[in-house]
Every structure is written in structure tokens, then in C-alpha cells.
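Notes to accompany the following structure.
We count residues from 1, following the sequence as given. Below, each value reflects all heavy atoms present in this structure, side chains not excepted, and no hydrogens, waters or symmetry copies.
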Amino acid sequence: MTARIPAGLDGILRTASTAGRATLESLVSRPGVGLAVWDTDLHCVWVNAELGRQDGIPAPRRQGRRPSQALRGDADALETVMQQVLADGAPVIGREYRVPAVRGGRPERALTVSFFRLDDTDGRPLGVCSLVQDPAGRRWTGRRLALLSEAATSIGTTLDVMRTGQELADFAVPFLADYVTVELTEAVRLGAEPLDRLGPTGGRIPVFRRAGLASVRPGAPESLWDRGEAVYVAETSPFTQVLSSGCSLLEPDLARSTRARLDLDPARAEKIRTYGMHSLMVVPMHARGVLLGVAVFVRSDNPAPFDEEDLLLAEELVRRAALSLDNARRYTRERTAALALQRSLLPRHVTGGAALDVVTRYLPADAEDGVGGDWFDVIPLPGARVALVVGDVVGHGLDAAATMGRLRMAVRTLAELDLPPGDLLSHLNEVVSRLAQEDPAEDPPASSVGATCLYAVYDPVTRTCVTARAGHPPPAILRPDGKVSVPDVPAGTPLGLATLPYESTELELPEGSVIALFSDGLIEDRRHDIDEGIDRISTHLAQPGVTLEELSHVLIDTMPATRPSDDVTLLLARTRSLGPHDTASWELPADTASAGTARSLATRQLARWGLEKLAPTTELIVSELVTNAILHAKGPIRLHLIRHQALVCEVTDAGTTAPRLHHAQPYDESGRGLFLVAQLARRWGTRHTPGGKLVWAEQAIPRRP
């Protein structure tokens with residue numbers, strides 16, 4: 001079993017890196033390895049027994065003393081080296097260290113000493129570790145330490161678990177083994193939490209997948225499986241022995257020790273005989289207390305059998321790879337969670353109803369990460385109107401996705417209030433400011449930095465588009481005649497940075513116009529500013545004859561960089577209009593007789609549209625809305641019917657007080673009108689207009705048989 005570091009050493013290393021801690025634990029009880037730890041003042045705080053056997057100084061005489069008193073030989077020179085290691089963090093490996101002869105004892109000895117700085121998780125030095133060895137008596141030499149240093153830069157270069165497994169196999173062949181495989185559990189590949197104990201459970205063997213494969217023979221003919229394939233594990237095999245115990249397996253003479261088990265796995269036995277495999281090591285891949293897989297080392301051409309020193313080196317290589325694999329697994333898990341969060345927050349399907357044809361494109365800056373802070377939305381509004389939204393939260397990963405989701409939900413909630421675009425952004429700005437105040441520990445608050453938004457509402461009846469923006473790029477408009485314009489919409493400040501009001505701009509758009517909304521990732525990069533990007537988009541947008549899908553590909557393909565430095569969001573909407581055949585409007589005098597007139601007008605219009613089945617409920621709704629306008633507001637009063645995917649009744653007046661739904665008492669003579677409307681309509685609401693207010697009620701149109 002691996003020796004545990006004593007409490008004195010554990011105290012100073014409790015915040016040290018996992019890799020350094022694991023390395024020291026594996027060396028504490030190794031014969032021939034003298035180990036000492038020094039604090040930042042170079043006082044000895046811990047020493048193992050082996051160092052005393054090497055230079056003859058007992059451990060109590062070293063505690064709390066500097067190298068000049070705690071070491072023999074050229075201790076002053078070593079102290080200078082240790083001060084340099086503590087200062088710059090660069091290790092010194094394999095320095096010669098001569099221990100003078102002791103009268104009546106050992107003769108002069110030539111040892112090697114290596115120094116490593118111990119850092120906490122923030123990179124602050126905790127002290128220095130010295131490692132003294134006798135090169136004449138042990139094979140763990142400076143060469144092996146140099147190999148481990150090289151392994152640190154060769155294994156785990158990416159967050160790809162398959163590549164890390166292959167890097168381990170490639171590094172170990174041929175200097176350590178002639179044939180190496182790395183088998184990982186499915187949990188590692190999927191970024192899930194692996195089991196603490198992997199082994200046969202209820203007769204089931206864990207599923208492995210080959211991540212690494214290397215051989216001194218071209219094509220690795222020794223292997224039964226290629227990289228990426230599932231690996232069969234027999235119920236009785238070195239694999240299951242290692243999985244059950246959690247300890248490495250060393251079999252110097254493979255034929256003698258596994259003969260009985262090979263009969264249960266004839267395919268592997270045939271490979272062993274064919275290629276002369278004679279020595280085996282199977283090393284479990286541990287990281288942070290869990291088991292991720294196994295690495296198998298085999299010798300065939302090299303006649304020397306594996307020994308304990310080979311196993312020590314293999315375990316250290318595997319330990320380094322396991323830490324990289326665990327980081328990759330954790331990254332995969334976070335990335336999967338972020339992607340799932342973003343998918344749940346972004347709309348999976350958008351539609352513009354009867355008002356717009358819509359196409360969207362989203363390209364993350366990191367094609368592998370796939371998670372950013374951009375968002376888009378298409379929100380149906382009463383009266384066949386549609387809201388278009390594009391926003392951007394700077395950053396990537398879970399934080400950006402979570403902030404994006406909160407803002408998108410806030411926009412949807414505010415859209416339900418049917419606010420003008422400028423007012424909606426003002427309320428959204430207040431929401432972002434409150435979110436920033438919820439986490440005062442951040443300075444500046446991440447939730448308020450770099451958040452921008454553009455909100456536009458298109459009305460197919462009036463063919464107008466009202467737009468406001470909060471620090472976001474303006475839209476581009478392609479008209480049916482092929483002319484492209486960028487309307488002068490006041491920029492506004494990014495969300496959460498100020499309390500200034502946002503101004504709206506109203507545009508009249510002919511039917512068939514294309515509204516292009518986008519994030520700055522489409523128009524800006526390191527070599528081109530926003531103005532150049534907008535000019536580029538405007539030039540390529542001038543293609544009136546193509547479909548929206550084709551146009552979206554054209555605009556995306558105009559980006560100078562194949563891999564954008566920022567997330568790219570594009571929303572294209574082609575306008576439709578509702579003409580006289582789908583709308584009807586009447587102006588009514590402000591007297592009580594207008595309620596009956598409104599009922600008659602609505603009934604005749606429904607007959608023209610073939611919606612006679614809706615006449616009874618529509619008469620009641622129209623009567624109540626017009627009567628409320630007459631009693632509680634002032635003229636002029638206008639009744640408006642809209643037929644699209646639903647039937648909408650709208651009544652406008654010059655009053656500014658919005659009606660409120662309340663429950664009338666049994667003996668009240670009034671107060672039941674809106675309650676009746678709410679029961680008859682699918683939904684109803686009110687919004688302010690430039691001249692007063694508008695109250696609307698919507699009914700579903702029956703399907704024709």
C-alpha cells in the first residue's frame with residue numbers, strides 16, 4: 001500500500017497541487033530516496049528515514065534547521081540553489097551532492113539531489129522539496145526524472161480524453177514498454193461520475209473503450225481492438241484483479257503467472273504466444289479518489305522483465321495522465337451541462353405567425369465549447385404583431401448561458417405586458433441592475449458588463465416596425481426593390497450601466513421587406529471594426545430574389561474568419577401584411593347606442609369571413625369593451641377586428657386608465673363586464689397607444705371540417 005504522508009508534511013502541503021502531493025506520497029517509503037521538505041525560510045519541517053541512512057544525520061537534528069546545519073557536505077552551495085528554486089520556481093534536477101566520509105563509518109559518497117518548489121493552488125510558494133538519491137544503487141536516476149518532466153508537457157495537452165490516452169501510450173513506447181494500451185470506462189468519455197469501485201458487480205463487467213494504443217510494431221498487430229472500440233474483459237483476468245483491488249499488478253514472467261487464466265481468454269493467449277509477450281504491468285488510473293480506467297504495459301522484444309522500478313515509473317506516468325483525464329471529464333461534464341442549459345433556454349423553433357417568415361442562425365465562437373452568451377427570440381404579441389429580439393452577454397460557459405437565460409426570460413415576461421420597445425428596454429435595464437446587486441462580491445458585477453439587446457415589434461396591419469436598442473448593433477433592412485438601409489436607431493447604453501431612457505424608432509416597411517438582426521460577432525473582428533462589418537452585411541444583403549435560408553448562408557459566409565472570435569447570431573425576418581380582406585375598422589360615437597351598432601357591425605363582418613360560429617361570443621365581447629370605453633373613457637372610440645390565426649377584437653379610446661378585472665359582489669349592479677370577457681376569450685389585455693389605450697380580446701378560430 002502507498003505510504004501516507006505524516007502529519008507534519010501534510011500540514012504544509014494541505015493546499016499543494018494534487019500532482020505534487022501524489023508524487024511525494026509515492027516516494028515517501030521508497031528505499032534509496034531521501035526526502036525532505038523545507039518551509040519558505042528554508043527550515044526543515046519534515047524528513048524521511050531514508051535521508052538519514054544516506055548521510056548519517058538523524059531526523060531530530062534536522063527539524064527546524066537550515067540546510068547549512070541539516071545537511072552534510074557542500075550544504076552552503078545547496079542552500080543557495082534552494083533559495084533560487086524558491087524564488088523562480090524552476091526545478092533543479094540531478095545536481096551532484098558529495099557527502100564526506102564519516103570516521104569509522106561510510107566512505108565519501110557521490111549522490112544526486114533534486115529540488116522542487118511546492119506551491120498552493122494559487123501558485124504561492126509553500127516551500128521546497130529536496131530529493132536525494134544514490135545513482136550507483138538505484139535505477140531511479142536523473143534520466144528518469146527528466147522523462148517525467150518531459151511527460152508533463154507531452155501527456156494531457158488537450159481536454160480530449162481519447163487524445164490523452166493516446167499520448168500516454170505513445171510516450172511509454174519504446175523506452176518503457178514494447179506495447180501499451182489505455183482502456184477507459186464509458187463514464188470518462190461521457191463526462192459522468194465514475195464509480196469509486198469498478199469491478200464485477202452482480203456478474204456484470206464494466207465496459208471499457210480503448211483510448212490509447214502504441215506498439216514497436218507498425219500497425220500494432222498485437223491488439224485485438226482498435227482505438228475507440230469497446231474492449232472485452234474476461235471475468236477472471238488481470239483487468240478485474242486490478243479493478244477489484246485498486247492496486248497495480250506486476251507480472252515479470254507473464255507465461256508462468258497467467259497460464260491458468262489464459263485458457264479462459266484464448267484470443268489474448270494466441271496474441272501473447274505469437275508475439276512473445278513475456279512481462280506485464282497493469283496500472284489503475286486514479287484521480288481524486290476515483291478509478292477512471294487502466295493502462296497496460298507489455299514487453300516482448302525487450303528481453304528484460306519489468307521490475308519494481310519500472311512499475312514506479314509507469315504509475316507516475318499514469319498518475320499524470322489520470323489527472324488530465326479527470327480534468328477533461330470535469331470539463332466535459334460542465335460543457336454538457338452548459339449546452340443542456342443553453343438548449344433549454346434558447347427557442348428550439350421560432351415562427352412569425354401570419355406576420356413574418358423567420359430564419360435564425362447561431363454559431364458559437366468555440367465550435368467545441370458551443371456555449372456562449374448570445375440569444376435570440378421571436379415572441380408573438382396580440383393583434384398579429386411579432387416581437388424580434390437579439391441579445392448578447394459577453395463571455396462563454398455556464399455563467400454566460402445562465403445570465404443569457406435570465407435576460408431572455410425577463411424579456412419574455414416584459415413582452416407579456418405589451419410595452420413599447422423603449423419602455424421594455426428601460427425595465428430590462430432595471431432588471432440587470434438588480435441582478436448585479438444580488439452579487440456584491442463581484443467588482444465589477446459580471447452580470448452587468450457587456451450585456452446588449454435589440455427589441456423590435458412588427459405590426460402586419462400597419463406594416464410598421466418599432467425598434468429600440470441597448471448598446472446593440474442596429475438592424476439592416478432589405479426592401480423589395482433591392483435597396484438596403486441601416487435605420488438610425490438611437491444606440492442607447494448597454495444594459496445595467498446607466499438609467500437613461502431608451503428611444504424607439506418607427507419604420508414603415510413594404511410587404512416582402514427583410515429585417516436582419518445580428519450580434520456584433522457577425523460584423524466585428526480583430527482586424528475590422530463594426531462600421532466595416534455593417535457595410536459588408538449591407539452589400540451582401542442586397543439579394544431580393546433568394547430565400548431566407550439561402551440569404552442566411554450568404555451572410556454567414558461573408559465573415560473574414562472561418563472561426564469567429566465571438567459568438568454569431570443572425571435573425572432574418574421577411575414581412576407579410578394583413579390587408580383589407582383580413583381586417584375591419586369602424587369609428588363609433590361616444591354614446592350608449594354605439595354598443596348595439598358595434599354588435600351589428602361585428603356580426604356582419606364575421607358572416608363575410610365565414611365565422612358565424614363566433615358571432616354570439618363576439619357580440620358579447622364587443623358590447624362589453626365598447627360599453628366600458630363609453631362609460632369610463634372618452635372618444636373617439638374605434639372598433640377593430642383582425643382575422644389571422646385567431647380572431648382579435650380591439651377597442652381603442654382616448655382614456656389613459658387601464659381597466660382592471662375584479663369580482664363583483666352579489667348585489668353589485670356593475671363590474672362584471674371584463675370578468676365576462678375573460679371567460680369568453682382565449683386571452684385578453686390592454687396596452688397604451690400614443691392617443692390613449694387599446695383593450696383587446698382574442699378568440700380561437702374553429703377549424704373547418
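- Listed for the Gln605 side chain is no donor-acceptor partner under 3.5 Å among the backbone atoms of Ala602.
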So Arg479 and Leu509, side chain to side chain contact (heavy atoms under 4.5 Å, CB included) or not? Walk me through it.
CA-CA 7 Å; Arg479 297 181 182 272; Leu509 302 178; 4.1 Å; yes

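- With Tyr458 contributing its side chain and Ala573 its backbone, the two residues share no donor-acceptor pair below 3.5 Å.
- Between Gln699 and the options Ile621, Leu680, Leu611, a side chain to side chain contact (heavy atoms under 4.5 Å, CB included) holds for only Ile621.
- Between the CD1 atom in Ile477 and the CG atom in Leu541 there is a gap of 8.5 Å [rounded to 0.5 Å].
- The shortest side-chain heavy-atom distance between Leu588 and Leu601 falls under the 4.5 Å cut-off.
- Listed for the Thr575 side chain is a donor-acceptor partner under 3.5 Å among the backbone atoms of Pro510.
- In this structure, Glu511 places its CD atom where more than 12 heavy-atom neighbours from other residues, nucleotides or ligands lie under 6.0 Å away.
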Let me see the working for Asp459 and Thr464 under side-chain hydrogen bond (donor to acceptor under 3.5 Å, both in side chains), right down to the final yes or no.
CA-CA 5 Å; Asp459 188 338; Thr464 58; 5.1 Å; no

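- Contact annotation: the side chain of Leu614 approaches that of Pro702 to within less than 4.5 Å [non-hydrogen atoms, C-beta and beyond].
- Under the 3.5 Å distance criterion, the side-chain polar atoms of Ser538 are matched with a main-chain donor or acceptor of Ile534.
- One distance of note links CD1 of Ile515 with CG of Leu356; it measures 6.0 Å at 0.5 Å rounding.
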CA sep, side-chain torsions, deciding dist, call: Ser519, Asp567, side chain to side chain contact (heavy atoms under 4.5 Å, CB included):
CA-CA 8 Å; Ser519 61; Asp567 302 317; 5.6 Å; no

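- Contact between Val432 and Gly496 at its shortest, heavy atoms only, is CG1-CA, 3.8 Å.
- Residue Glu650 holds its CD atom at 10.5 Å from OG1 of Thr689, rounded to the nearest 0.5 Å.
- With no hydrogens or angles considered, no side-chain donor-acceptor pair links Thr583 and Arg643 at under 3.5 Å.
- Using a 4.5 Å heavy-atom threshold, the side chains of Thr618 and Cys649 count as touching.
- Put simply, the side chain of Val386 reaches to within 4.5 Å of the side chain of Leu388, judged on heavy atoms.
- For the pair Trp696 and Arg687, the minimum side-chain heavy-atom distance is below 4.5 Å.
- Distance alone, capped at 3.5 Å, is enough to place a donor-acceptor pair between the Arg469 side chain and the His472 backbone.
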Go through it in stages, so that I can follow the logic: the residues are Ser585 and Arg638, the test is side-chain hydrogen bond (donor to acceptor under 3.5 Å, both in side chains), and I'd like the CA-CA distance, side-chain angles, deciding distance and then a yes or no.
CA-CA 7 Å; Ser585 184; Arg638 179 170 291 275; 2.9 Å; yes

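- Side-chain contact check for Met559 versus Leu555: every heavy-atom pair is 4.5 Å or farther apart.
- Thr452 and Asp392 are not linked by any side-chain donor-acceptor pair at a separation below 3.5 angstrom, with hydrogens and angles left out of the test.
- Residues Ser577 and Arg463 bring no donor and acceptor atom of their side chains to less than 3.5 Å of each other.
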Using the rule given for side chain to side chain contact (heavy atoms under 4.5 Å, CB included), can you reason through Val431 versus Arg434, listing the C-alpha separation, both sets of side-chain angles and the distance that settles it, and then say yes or no?
CA-CA 5 Å; Val431 170; Arg434 287 197 298 270; 3.5 Å; yes

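- Checked for salt-bridge contact, Arg599 and Glu619 miss the test: no charged N lies under 4.0 Å from a carboxylate O.
- Shown are Thr686, Asp653, Thr656; of these, the side-chain hydrogen bond (donor to acceptor under 3.5 Å, both in side chains) with Lys693 is made only by Asp653.
- The CG atom of Leu419 lies 7.5 Å from the OH atom of Tyr455; values are rounded to the nearest 0.5 Å.
- Asn429 and Thr499 get closest at one heavy-atom pair: ND2-CA, 3.9 Å.
- Using a 4.5 Å heavy-atom threshold, the side chains of Ile642 and His640 count as touching.
- Remark: the backbone N or O of Tyr362 is not paired with any side-chain donor or acceptor of Thr569 at under 3.5 angstrom.
- Taking every heavy atom of both residues into account, Val568 and Asp374 meet most closely at N-OD2, 3.9 Å.
- Rounded to the nearest 0.5 Å, atoms CG (Leu414) and CG (Leu424) are 4.5 Å apart.
- Between the side chain of Thr351 and the main chain of Gly353, a donor-acceptor pair closer than 3.5 Å is present.
- Considering every non-hydrogen atom in both Pro474 and Val486, the closest pair reads CG-CG1, 3.7 Å.
- Not one N or O on the side chain of Ser504 forms a donor-acceptor pair closer than 3.5 Å with the backbone of Ala468.
- Side-chain contact of Thr558 with Arg536: a donor-acceptor pair under 3.5 Å is present, judged by distance alone.
- Contact annotation: the side chain of Leu674 approaches that of Trp684 to within less than 4.5 Å [non-hydrogen atoms, C-beta and beyond].
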Using the side chain to side chain contact (heavy atoms under 4.5 Å, CB included) rule, take Val393 and Leu407 through it: C-alpha gap first, then chi angles, then the decisive distance, then the call.
CA-CA 9 Å; Val393 175; Leu407 294 186; 3.8 Å; yes

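- With rounding to the nearest 0.5 Å, the separation of CH2 in Trp586 from CD1 in Ile637 is 15.0 Å.
- The only option from Thr360, Val389, Val411 that meets the side chain to side chain contact (heavy atoms under 4.5 Å, CB included) definition with Asp377 turns out to be Val389.
- Other residues, nucleotides and ligands place no more than 12 heavy atoms under 6.0 Å from the CZ atom of Arg406.
- The environment of CD in Glu503 is sparse: at most 12 heavy-atom neighbours from other residues, nucleotides or ligands sit within 6.0 Å.
- Between Arg385 and Asp418 there is a salt bridge, since at least one side-chain N of the basic residue sits less than 4.0 Å from a carboxylate O of the acidic one.
- A pairwise comparison of heavy atoms in Ile523 and Pro473 identifies CD1-CB, 3.8 Å as the closest pair.
- Counting heavy-atom neighbours within 6.0 Å of Asp557 CG, excluding the residue itself, gives a total above 12.
- Across all their heavy atoms, Pro636 and Glu587 have their closest contact at CB-OE2, 3.6 Å.
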